K.L.:
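There's a structure below that I have some questions on.
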Amino acid sequence: MLFSKILLPTLKDAPQEAEVISHKLMLRAGMVRKVASGIYTWLPLGLRVLRKIENIVREEMDASGAQEVLMPMVQPKELWQETNRWEKMGPELLRLQDRHERDFCLGPTHEEVITDLIRNNVKSYKELPINIYQIQTKFRDEVRPRYGVMRGREFLMKDSYSFNADEACLEETYQKMRNTYKTVLERIGLDYKIVSADSGSIGGDASEEFHVLAETGEDTIAISDSSEFAINTELLLKDGEDISSLEGKPSPDGNGTIQIKKGIEVGHIFQLGKVYAEDMKANVLNKEGKASTLHMGCYGIGVSRLVAAAIEQNNDDKGIVWPHGIAPFDINIIAIGYEKDQIISEAADSLYAELISMGYEVILDDRKDGYGTKMKDSELMGIPLNIIIGKQFIENNEIELKARTGESSSNDIGDTKTILDFFKNK
RNA sequence: CGGGGUAUAGCGCAGUCUGGUAGCGCACUCGCUUUGGGAGCGAGUGGUCGUAAGUUCGAAUCUUACUACCCCGACCA
């Protein structure tokens, strides 16, 4: 990818609409642009990151045995009436009518659609358990969208729904999803906590949230300083109690004391039980040939929110510092004097081609700008490795490898092994 | 929905109090010189000052209404 050809409008100043660091940096790095409150266009750089995360999620979901489908965003009222949620959900359910004045909504979630699919197409316990997922745009007309894509109204989510014969089977799938989510967050490279949560209006039994720890998180969680225990503070507070009063108390699990942290909820897993299956009469025949209500679980990951969460956790005064697994590019070749100097341009072009053939994702900064401008942009965008081809190359045949995190070294241009080592060690 | 705030060029801002026909920095275009930390000089492009109505000879500026956006709260698989 040539820098001069990609739509990458970087900004020196953050627009005043942005408050939190991830929002500012996403705007400044040219990743997203706002279309309306809580509704964004993803530009090429942002989309690359979004797709990276999406693909990690997809790979791990597939590895867990889940199957990918794609359900509609527009859903008919009739399905939502079956679970009573057409009435129960407030204005956050965006409703619309088609030309025949038939009622629809934009899907904020897909229990109704998936349960309808399964009840019509799965008839026997022999087909269970089954776990179906999609990565799709959701719409929730949030009371107050904020912080850019962190809490958008339109957002990209991986949602999956498991159908199980009984509670034990559901528990098994639930644990499998729990492990899958751990793997996903570890692959992305985030510091997170699994938090016991209120299962809320959905009902059902077990429910856990996956929180990326960050100061700007909207949720307050209590974690033990000496065990894995973590719980949403909503579940600990008695009437009238202040959150700060929890700090330093003995942890409810008996290990250590409570610390209060802010978290960004990026995942939520539920054991729903039979709630929706009963409402929608989703049965299969069991071994005895009798109709048996399905046990259901649902599992969500906020894909677009993860982009913002990753930035909240990985930035410095110069810009974004992407974890290697989700950086929009692996390498930025900063060619100083590319337009003017054929020695530079030929060296940059051939290195670019070689690195791509080695499997790296590379951007070549071929713009007619100086070192400062190019480095500032690269640091803002958080590209893990910069390769500088400039004066040193003309004089000593040397290129400089400069990591986003600071280290740098001078190398022979033929020394691609060092580049390999750079990525291997991360 | 309650409270607070903002709205002038793509971005950041001044001008508003005290009405006189819109400006600065960056970005962008052209030319020349530059090129290892956001370059220099010269010449340019770009704005019905959020919208509507009102006051006035005259409104970015005063009045009223509305809208959009942001923050706090309530809300939130």
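Numbers restart at 1 for each chain; the letters A, B, ... are given by sequence-line order, proteins then strands. Only a predicted model underlies this, so the values are computations on that prediction, with no experimental measurement involved.
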K.L.:
Could you pick out which residue, A:Ala14 or A:Ile399, lies toward the 5' side of RNA chain B when each is mapped onto its nearest nucleotide?
P.N.:
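First, find each residue's nearest nucleotide; the 5'-ward one identifies A:Ala14.
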
K.L.:
Pick base, sugar-phosphate or nothing for A:Glu17, based on heavy-atom distances below 4.0 Å to the nucleic acid.
P.N.:
sugar-phosphate

K.L.:
For A:Glu339, which contact category applies under a 4.0 Å heavy-atom criterion: base, sugar-phosphate, or nothing?
P.N.:
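No contact.
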
K.L.:
Measuring from the side chain of A:Glu379 (C-beta onward, heavy atoms only), which nucleotide among B:C76, B:U35, B:G37 has the closest atom?
P.N.:
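Selected nucleotide (nearest to the side chain): B:G37.
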
K.L.:
Can a side-chain donor-acceptor contact be found between A:Glu112 and A:Thr83 if the only test is distance below 3.5 angstrom?
P.N.:
yes

K.L.:
If you look at every heavy atom in A:Arg33 and A:Leu27, which pair is closest and at what distance?
P.N.:
NH1-O, 2.9 Å

K.L.:
Given the P atoms of B:G10 and B:C72, what is the spacing between them in whole Å?
P.N.:
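One P to the other, the span is 28 Å.
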
K.L.:
Answer yes or no: is there a donor N or O on one side and an acceptor on the other, between the side chain of A:Arg119 and the main chain of A:Asn283, under 3.5 Å?
P.N.:
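No; zero donor-acceptor contacts below 3.5 Å.
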
K.L.:
OP1 or OP2 of B:C76 sitting under 4.0 Å from any side-chain N/O of A:Arg144?
P.N.:
no

K.L.:
Any side-chain N or O of A:Gln16 below 4.0 angstrom from OP1/OP2 of B:G5?
P.N.:
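Looking at the OP1 and OP2 atoms of B:G5, neither is under 4.0 Å from any side-chain N or O of A:Gln16.
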
K.L.:
Assess whether one donor atom and one acceptor atom, taken from the side chain of A:Lys318 and the base of B:G37, lie less than 3.5 Å apart.
P.N.:
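It does not, because no donor-acceptor pair links the side chain of A:Lys318 to the base of B:G37 below 3.5 Å.
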
K.L.:
Report yes if a side-chain nitrogen or oxygen of A:Thr373 is closer than 4.0 Å to either non-bridging phosphate oxygen (OP1 or OP2) of B:U35; otherwise report no.
P.N.:
no

K.L.:
At what distance, to the nearest 0.5 angstrom, does OG of A:Ser304 lie from NZ of A:Lys158?
P.N.:
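Here the interatomic distance stands at 13.5 Å.
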
K.L.:
Please give, in whole Å, the distance from B:A68 C1' to A:Arg153 CZ?
P.N.:
11 Å

K.L.:
Please work out if A:Phe210 contacts a base, only the sugar-phosphate, or nothing of the nucleic acid, heavy-atom cut-off 4.0 Å.
P.N.:
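No contact.
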
K.L.:
Across all strands, who's sitting opposite B:C62 as a Watson-Crick or G-U wobble pair, both distances under 3.5 Å?
P.N.:
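WC or wobble partner is B:G54.
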
K.L.:
Base, sugar-phosphate, or nothing: which does A:Lys374 touch, judged by heavy atoms less than 4.0 Å apart?
P.N.:
nothing

K.L.:
If we call it a pair only when both distances are under 3.5 Å in a Watson-Crick or G-U wobble match, what pairs with B:C69?
P.N.:
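Base partner found: B:G5.
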
K.L.:
Quote, to the nearest angstrom, the P distance that separates B:U56 from B:U63.
P.N.:
16 Å

K.L.:
For a quick check, tell me whether the side chain of A:Asp377 and the base of B:G38 share a donor-acceptor pair closer than 3.5 Å.
P.N.:
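Such a pair is found, so the answer is yes.
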
K.L.:
With rounding to the closest Å, how many angstrom separate the P atoms on B:U21 and B:C17?
P.N.:
14 Å

K.L.:
Between A:Glu19 and A:Glu265, which is nearer to the 5' end of RNA chain B once each is assigned its nearest nucleotide?
P.N.:
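The answer here is A:Glu19.
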
K.L.:
Can you check the distance between B:A65 and B:C71, where both ends of the measurement are the C1' atom (answer in whole Å)?
P.N.:
24 Å

K.L.:
Any base atoms under 4.0 Å from A:Thr109, or only sugar-phosphate, or nothing? Heavy atoms, all strands.
P.N.:
base

K.L.:
Look at the side-chain N and O atoms of A:Tyr371 and state whether any lies under 4.0 Å from the OP1 or OP2 oxygen of B:U34.
P.N.:
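For A:Tyr371, the contact criterion (side-chain N or O under 4.0 Å from OP1 or OP2 of B:U34) is not met.
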
K.L.:
Sticking with atom P, work out how far B:C24 lies from B:G47, rounded to a whole angstrom.
P.N.:
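B:C24 and B:G47 have their P atoms separated by 15 Å.
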
K.L.:
According to the Watson-Crick and G-U wobble definitions, with both distances under 3.5 Å, which nucleotide is paired to B:C75?
P.N.:
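Because no pair has both required distances under 3.5 Å, B:C75 counts as unpaired.
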
K.L.:
Could you verify whether a donor N or O on one side chain and an acceptor N or O on the other, from A:Thr216 and A:Glu312, lie under 3.5 Å apart?
P.N.:
yes

K.L.:
What I want to check is whether the side chains of A:Glu186 and A:Tyr192 have a donor and an acceptor closer together than 3.5 Å.
P.N.:
yes

K.L.:
Does the structure show a Watson-Crick or G-U wobble partner for B:G38, both distances under 3.5 Å? Name it, or say none.
P.N.:
none

K.L.:
For A:Gly300, report the nucleic acid contact type (base, sugar-phosphate, nothing); a contact means any heavy atom under 4.0 Å.
P.N.:
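No contact.
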
K.L.:
How is A:Asp369 classified with respect to the nucleic acid when contacts are heavy atoms under 4.0 Å: base, sugar-phosphate, or nothing?
P.N.:
base

K.L.:
Could you tell me which nucleotide pairs with B:U16 by Watson-Crick or G-U wobble geometry, both distances under 3.5 Å, or answer none if nothing does?
P.N.:
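When the pairing criteria are applied, nothing turns out to pair with B:U16, so the answer is none.
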
K.L.:
Taking the P atom in each of B:C76 and B:A59, what is the distance between them to the nearest angstrom?
P.N.:
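Looking at atom P only, B:C76 and B:A59 are 50 Å apart.
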
K.L.:
Is a side-chain N or O of A:Arg95 found less than 3.5 angstrom from the main chain of A:Cys105, in a donor-acceptor match?
P.N.:
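Not confirmed, A:Arg95 side chain does not pair with A:Cys105 backbone.
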
K.L.:
Side-chain N or O of A:Arg146 versus OP1/OP2 of B:G73: is the shortest distance under 4.0 Å?
P.N.:
yes

K.L.:
With rounding to the closest Å, how many angstrom separate the P atoms on B:A9 and B:C49?
P.N.:
10 Å

K.L.:
Partner lookup for B:C11, please. Criteria are Watson-Crick or G-U wobble with both distances under 3.5 angstrom; report none if nothing qualifies.
P.N.:
B:G25

K.L.:
I need the CG-P distance between A:Leu93 and B:C75, as an integer number of Å.
P.N.:
19 Å

K.L.:
Could you tell me how far B:C66 sits from B:C28 if I compare only their C1' atoms? Round to whole Å.
P.N.:
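35 Å, rounded to whole Å.
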
K.L.:
With heavy atoms under 4.0 Å as the rule, sort A:Lys402 into base, sugar-phosphate or nothing.
P.N.:
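Base contact.
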
